[in-house]
Amino acid sequence: QVQLVESGGGLVQAGGSLRLSCAASGRTGSMYAMGWFRQTPEKEREFVAAIAWSSGRTIYTDSVKGRFTISRDNAKNTVYLQMNSLNPEDTAVYYCAASFFPFFKTIYQKADFDSWGQGTQVTVSS
């Protein structure tokens with residue numbers, strides 16, 4: 001099992017930037033990929049981005065391409081989500097997650113991830 005600790009959420013003005021961090025601990029040796037999801041009271045938890053831990057391959061949902069960047073620091077067992085050009089539509093609780101499936105997928109869903117962080121609130125004001 002893997003424990004995930006998130007940080008970096010907060011309030012930001014539209015057009016601004018924010019960087020989320022998620023540190024992994026525990027049995028991380030078999031962790032293949034990490035990703036970010038987001039959720040609002042009106043929507044189910046949706047996929048945002050994912051990165052393969054070893055190769056660094058990334059995938060993004062269409063709505064964040066060109067604005068968000070996912071990255072990882074292998075030495076620190078930490079994944080980041082750099083969010084630029086934020087707008088109110090990005091307001092949500094953001095969750096990081098870890099996957100143990102040993103292949104990088106072209107499409108990720110909630111069921112593809114095994115461990116989840118507690119979530120961090122991101123609020124973008126107009």
Side-chain angles (χ1 to χ4, degrees):
Q1 59 183 358
V2 173
Q3 293 79 46
L4 305 175
V5 180
E6 304 173 356
S7 61
L11 175 66
V12 66
Q13 196 84 354
S17 299
L18 206 61
R19 189 172 84 155
L20 306 182
S21 300
C22 182
S25 61
R27 298 182 181 181
T28 60
S30 58
M31 185 175 64
Y32 184 80
M34 294 186 68
W36 290 94
F37 287 71
R38 62 187 181 185
Q39 186 173 12
T40 68
E42 295 80 21
K43 297 180 179 179
E44 296 183 357
R45 194 169 301 184
E46 64 174 348
F47 173 76
V48 177
I51 184 168
W53 197 251
S54 296
S55 70
R57 291 179 61 188
T58 60
I59 185 170
Y60 300 89
T61 192
D62 288 342
S63 63
V64 307
K65 287 181 179 178
R67 300 189 298 122
F68 290 10
T69 302
I70 187 171
S71 61
R72 87 282 198 231
D73 186 331
N74 299 70
K76 299 172 65 175
N77 285 324
T78 300
V79 65
Y80 305 95
L81 185 67
Q82 178 66 46
M83 304 182 293
N84 299 327
S85 301
L86 287 163
N87 57 64
E89 296 175 335
D90 298 313
T91 295
V93 178
Y94 283 71
Y95 299 86
C96 65
S99 174
F100 300 92
F101 186 74
F103 299 96
F104 194 74
K105 303 184 67 175
T106 57
I107 300 176
Y108 275 106
Q109 303 176 152
K110 291 188 297 182
D112 296 313
F113 292 85
D114 305 281
S115 299
W116 295 84
Q118 76 284 357
T120 183
Q121 177 70 46
V122 172
T123 302
V124 184
S125 61
S126 301

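A quick note: this is a predicted structure, and the numbers were derived from the prediction, not measured. All heavy atoms count here, side chains included; hydrogens, waters and symmetry mates do not.
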Would you say [X] has more than 12 foreign heavy atoms packed within less than 6.0 Å of its [atom1]?
X	atom1	value
Q109	CD	no
Q13	CD	yes
E44	CD	no

Which heavy atom in [X] sits nearest to a heavy atom in [Y], and how many Å separate them?
X	Y	result
L4	C22	CB-SG, 3.7 Å
Y108	A33	OH-CB, 3.9 Å
V12	S17	CG2-O, 3.7 Å

| Judged by modelled atom types alone, do T78 and D73 share a side-chain donor-acceptor pair under 3.5 Å? |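 No, no side-chain donor-acceptor contact under 3.5 Å.
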
| T123 and Q121 side chains, donor-acceptor separation under 3.5 Å |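 Yes.
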
To the closest 0.5 Å, what do you measure between [atom1] ([X]) and [atom2] ([Y])?
X	Y	atom1	atom2	value
L86	R67	CG	CZ	6.5 Å
S71	I51	OG	CD1	6.5 Å
T61	F68	OG1	CZ	10.5 Å
R19	Y80	CZ	OH	5.5 Å

Minimum side-chain heavy-atom gap [X]-[Y] below 4.5 Å:
X	Y	answer
Q82	I70	no
L20	T120	yes
Y94	M83	yes
T58	F104	no
E6	L81	no

| message | Using the ring centroid of each side chain, check whether F47 and W36 are separated by less than 6.0 Å. | response |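 For F47 and W36, the ring centres are not under 6.0 Å apart.
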
| Cation over ring face, R45 and Y95, 6.0 Å, 45° |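 Here R45 passes the 6.0 Å and 45° test against Y95.
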
| said: If we ignore hydrogens and angles and just use 3.5 Å, is the side chain of R72 paired with the main-chain N or O of S54 as donor and acceptor? | reply: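 Such a contact is found between R72 side chain and S54 backbone.
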
